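Treat the numbers as computed from the prediction; the structure is a model and nothing was measured.
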Amino acid sequence: MYMSTDEVRNAFLSFFEKKGHQIVDSSSLVPHDDPTLLFTNAGMNQFKDCFLGLEKRAYTRATTAQRCVRAGGKHNDLENVGFTARHHTFFEMLGNFSLGDYFKEEAIKFAWEFLTDVLKLPAERLLVTIYQTDDEAFDIWNKQIGIPADRIVRIGDKEGGKPYESDNFWQMGDTGPCGPCSEIFYDHGEHIWGGRPGTPEEDGDRFIEIWNNVFMQFNRDADGVMHPLPKPSVDTGMGIERISAIMQGVHSNYEIDVFQKLIKSAADVIGYDDLSSQSLRVVADHIRSCAYLIVDGVMPSNEGRGYVLRRIIRRAVRHGNKLGAKGTFFHKLVGPLAEIMGSAGDVIKQQQDMVEKILRIEEENFGRTLDRGMTILNEALDNVKGDVLDGEMVFKLYDTYGFPADLTNDVARERGFTIDEAGFESAMESQRQRAREAGQFEKDYNDQVVAQSASDFCGYTQDQGQSVVVELFVDGASVESLSAGDHAIVVLQETPFYSESGGQCGDTGVLETSTGRFVVHDTQKIGQAIGHYGVLEHGVLSKKDSVDANVDKERRNASALNHSATHLLHEALRRLLGTHVMQKGSLVRPEGLRFDFSHLEAVSADELKQVERMVNQQVRRNLEIDTNIMNIEDAKALGAMALFGEKYDDEVRVLSMEDFSTELCGGIHAHRTGDIGLFKITHEGGVAAGVRRIEAVTGEAALDYVEEQAQKYAEKSDEMANKAKSLEKEIQNLKEQLAAQAGSSLTSQVKQISGVNVLVAQLDGAENKALRGMVDELKNQLGSAIIMLGNVADGKVGLIAGVTKDLTGKVKAGELVNMVAQQVGGKGGGRPDMAQAGGSDAQALPNALASVDEWLTERL
């Protein structure tokens, strides 16, 4: 019976939904609050805290089609992708999970029923494996399902390995939940080489694992002791690509409908005809991981998850170039991928433009990197001693410039060289070891506080209240009481303290009894409990004590204003920059807010001004901030945005600001937007490729910021004014010096009238103050003289006359300057030895000055 990949996915989810399972959306490829994982690599990742007893869901049965990536850290299939039948960087894992509900019998029966009744797989083609000592699973398969004993393979511990180190014993880590597995294999037939599981030929392709049932029934401690779990659980997984290959009658995953369509699309955009090319397989596989990683918030970079994404993109581009691709091509596959993936492609369609743009930019940048790499390769070949290019250089070209060894080998061969393959492999192995070490997130799952209680949170409506101490922890260990000075964690039956979540920091405050005072420095979730972290300031605090819980109101209110402003900011950015803007992280504290969002370019000063204005408009509208609890599907239908990286239960809290913003949020908020008072952006910048960050303040902090900036501007203004005055004085001094120098040059124009030195000159542009200094300088130089100077500045005439004292009995400076002034539309006068005047007729000045000689001749 043929089934498309989309039909297989829907059939699986529908089957388990009918068996009482909640269909849970695929979680992000970036694990939420899980430092042990580079990427989500299995369906159980999002339920791990449930298996650990740290989280409780509204359901005990779940089913998913989980998107997974294995391309870095411990699980790295990258180099095999495209060259084997079943290795992928991206795959979907179908799974059903029992969270302390059913166990081995039901899990085995569900798997068998789906495979044989729904998919109609012939029972004789299926065989199963169990852990060596799991007789319970053997009896279920043999006696209840009817599998012959010779088709049930017991798999023991690996030779020379640790106890329970077996392909059929699953462990979350060196410690923590674990248990035996039972795998289901499909026999492709004798015409394909390979042996049954547990035989030397098991790596062949005849028998392919299609389903794995993990029975979590133990908790292993640091000493290796297995303790039975109080609520055994089930985690299963079935790769959709493998089962689709069987349902479509093909042997390789790359022959299923999804890949055949992707390969054809890749061939079309590259311009290559041979659809059997391994390079086309690489491109088809890699577009899936790249697109979904970007959708889930990963951006190309030089470290961490971004570095893995960049390597996958470059590997795809290299293989496209190998087939003769011209220009950028990889980003053109995003649209076809969204269609080909069926119902799983909707998340790509929502952000298609952004995904395409990021891939195109990365591809263009890599093109320039390739050019630089070719330059370095050619230079290295020019300097090779002998005919072998050393392995370290081959590795450098691969690791830094994205050159695969075969490309380096091709270029070297064309120039008559070979490459040191052994040296290259040695450098590669060193890199793999570093990657393995980086991917080994060691964590003792028992080395953490595990509260047995569940706290009720009453902080949405109050910031104080009475409660009872139910648990106490010091250094991770449960204790009965605290003494003064103890740093501890206090768990209350009910608390108004908000625990850190959704980017909002935890509350602080005090817990008081008649005998003690516990200062709360932080509040965090501990599974289903709320932990108050702090120190007992004085007295004694014991379990069952009644306490008065008092939240620091001022600090909480400041956080609430910033949290509400974050919602306004998010919506303003989406309206002004585009709906591609999605939250990529946030931090809400009393001091201010920090908001990271997807956007490929810096936000301009004008755009920031518009964003700030829009947010403040909503503040002035004083919108009511309303919260409602509703089913998550109803919330989505309402248009409520789910925030990046957050996990949501079936019942969610929807926060609305009338007609402006609707988001899912469990945080503490203001009552109305007007409470925010003022919103002020303090910083905008980039934090990663395609991710920008805005920092802002609200309320009193915003007023403080504005006042601080105003004070800085005032101080700066005064500083600049003083500096301007100083510069003006300096300029004036310089002008006077220049005027004096200019006066010295005028002595060549002195003439004699009746034996008296006479100097008449026009100096346009010179300031009147400078003319006065010039006259004094000329008097000193000439000793005995009559001087008449004129200038035009800003359309006005300036006049100054100077007469040395020995000549004032014959000529008065005031009379001289007045005579000239009358001719230029002005008048003036002054002392006999120095007089100034002004006028308005600049054009008359030359003739007026020319009349001075005749006027002086009559008087001398």
Side-chain angles (χ1 to χ4, degrees), residues 3-10 12-13 23 25-30 39-40 64-69 71 81 88-94 239-241 244 248 253-270 275 280-300 309 312-313 315-317 319-320 325 328-363 574 578-582 584 598-600 636 639 641-642 644 690:
M3 292 181 73
S4 70
T5 302
D6 201 36
E7 288 172 337
V8 171
R9 183 189 301 109
N10 292 332
F12 182 90
L13 296 175
I23 297 178
D25 288 342
S26 171
S27 64
S28 169
L29 287 171
V30 178
F39 297 115
T40 297
T64 65
Q66 176 63 50
R67 301 190 296 272
C68 301
V69 163
V81 172
H88 304 290
T89 56
F90 173 93
F91 61 95
E92 286 184 89
M93 186 64 75
L94 302 173
I240 196 173
E241 294 82 7
S244 294
Q248 294 171 29
N253 289 1
Y254 290 97
E255 296 173 7
I256 67 175
D257 56 345
V258 169
F259 275 109
Q260 285 298 293
K261 292 175 182 177
L262 274 175
I263 288 171
K264 179 62 169 62
S265 296
D268 289 342
V269 300
I270 292 172
L275 299 184
L280 285 179
R281 289 183 173 187
V282 171
V283 174
D285 170 274
H286 288 8
I287 189 60
R288 298 209 304 169
S289 56
C290 292
Y292 281 105
L293 282 170
I294 292 171
V295 162
D296 282 342
V298 182
M299 296 294 168
L309 172 59
I312 300 174
I313 295 172
R315 189 169 189 265
V317 173
H319 280 274
T328 58
F329 73 91
F330 195 46
H331 70 284
K332 298 176 183 176
L333 293 174
V334 177
L337 172 67
E339 296 297 329
I340 291 166
M341 289 299 289
S343 56
D346 292 343
V347 292
I348 295 178
K349 292 177 183 177
Q350 294 168 7
Q351 300 187 54
Q352 183 174 333
D353 290 345
M354 184 187 73
V355 176
E356 288 177 344
K357 188 170 184 179
I358 290 171
L359 289 178
R360 178 177 54 76
I361 291 172
E362 187 66 16
E363 192 171 358
R574 287 173 61 83
T579 55
H580 66 277
V581 168
M582 299 294 291
K584 298 301 179 186
S598 54
H599 191 57
L600 296 175
K636 290 179 179 178
M641 278 194 297
F644 172 75

Between Tyr292 and Ile348, does the side chain to side chain contact (heavy atoms under 4.5 Å, CB included) criterion hold? Intermediate values first, please.
CA-CA 7 Å; Tyr292 281 105; Ile348 295 178; 3.4 Å; yes

Working note: Val258 + Ser244, criterion side chain to side chain contact (heavy atoms under 4.5 Å, CB included); need CA distance, chi angles, decisive distance, verdict.
CA-CA 9 Å; Val258 169; Ser244 294; over 6 Å; no

For the pair Thr40 and Val69, evaluate side chain to side chain contact (heavy atoms under 4.5 Å, CB included) and give the outcome as yes or no after the intermediate values.
CA-CA 6 Å; Thr40 297; Val69 163; over 6 Å; no

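Between Met354 and Ile358 the shortest side-chain heavy-atom distance falls below 4.5 Å. Side-chain contact between Glu339 and Lys349 is present, with heavy atoms from C-beta onward closer than 4.5 Å. Within the 4.5 Å cutoff, the side chain of Leu280 has heavy atoms near those of the Ile270 side chain. Counting heavy atoms from C-beta on, the side chains of Ile312 and Phe90 never come closer than 4.5 Å.
Asp296 contributes a side-chain N or O that, together with a main-chain N or O of Leu29, makes up a donor-acceptor pair within less than 3.5 Å. Listed for the Gln248 side chain is a donor-acceptor partner under 3.5 Å among the backbone atoms of Asp257. Side chain of Gln66 to backbone of Glu92: no donor-acceptor contact under 3.5 angstrom is found. With hydrogens and angles ignored, the 3.5 Å screen pairs no side-chain donor or acceptor of Thr89 with any backbone N or O of His286.
Thr64 contributes atom OG1, which lies 10.0 Å from atom CG of Asp25 (distance to the nearest 0.5 angstrom). One distance of note links CD1 of Ile313 with CG of Leu359; it measures 5.0 Å at 0.5 Å rounding. If you take CE on Met299 and CG on Leu309, they are separated by 9.0 Å, rounding to the nearest 0.5 Å. The distance from the CG atom of Leu275 to the OH atom of Tyr254 is 15.0 Å, given to the nearest 0.5 Å. For the atom pair CZ of Arg315 and OG of Ser289, the computed distance is 10.0 Å after rounding to the nearest 0.5 Å. Expressed to the nearest 0.5 Å, how far CD1 of Ile340 lies from CG of Asp6 amounts to 12.0 Å.
Minimum heavy-atom separation, Arg67 to Ser26: N-OG, 3.0 Å. Contact detail for Arg574 and Val581: the closest heavy-atom pair is NH1-O, 2.8 Å. Contact detail for His331 and Glu363: the closest heavy-atom pair is N-OE1, 3.9 Å. Residues Asn10 and Ser343 come closest through the heavy atom pair OD1-OG, 3.8 Å. Nearest heavy-atom pair, Val269 versus Lys332, reported as atom, atom and distance to 0.1 Å: CG1-CB, 4.0 Å. The heavy-atom pair separating Glu362 from Pro300 by the smallest distance is OE1-CB, 3.4 Å.
Between His88 and Phe259, the two ring planes are parallel [angle under 30°; tilted spans 30° to 60°].
At a threshold of 4.0 Å, the pair Arg281-Asp285 does not count as salt-bridged, since none of the basic side-chain nitrogens sits closer than that to a carboxylate oxygen.
Looking only at atom types and distance, the side chain of Asp353 has no donor-acceptor partner in the side chain of His580 under 3.5 Å away.
Contacts of Gln352 classified as side chain to side chain donor-acceptor pair (under 3.5 Å), with partners at least two apart in sequence or in another chain: Glu356.
A ring-centre distance under 6.0 Å is not found for His319 and Phe330.
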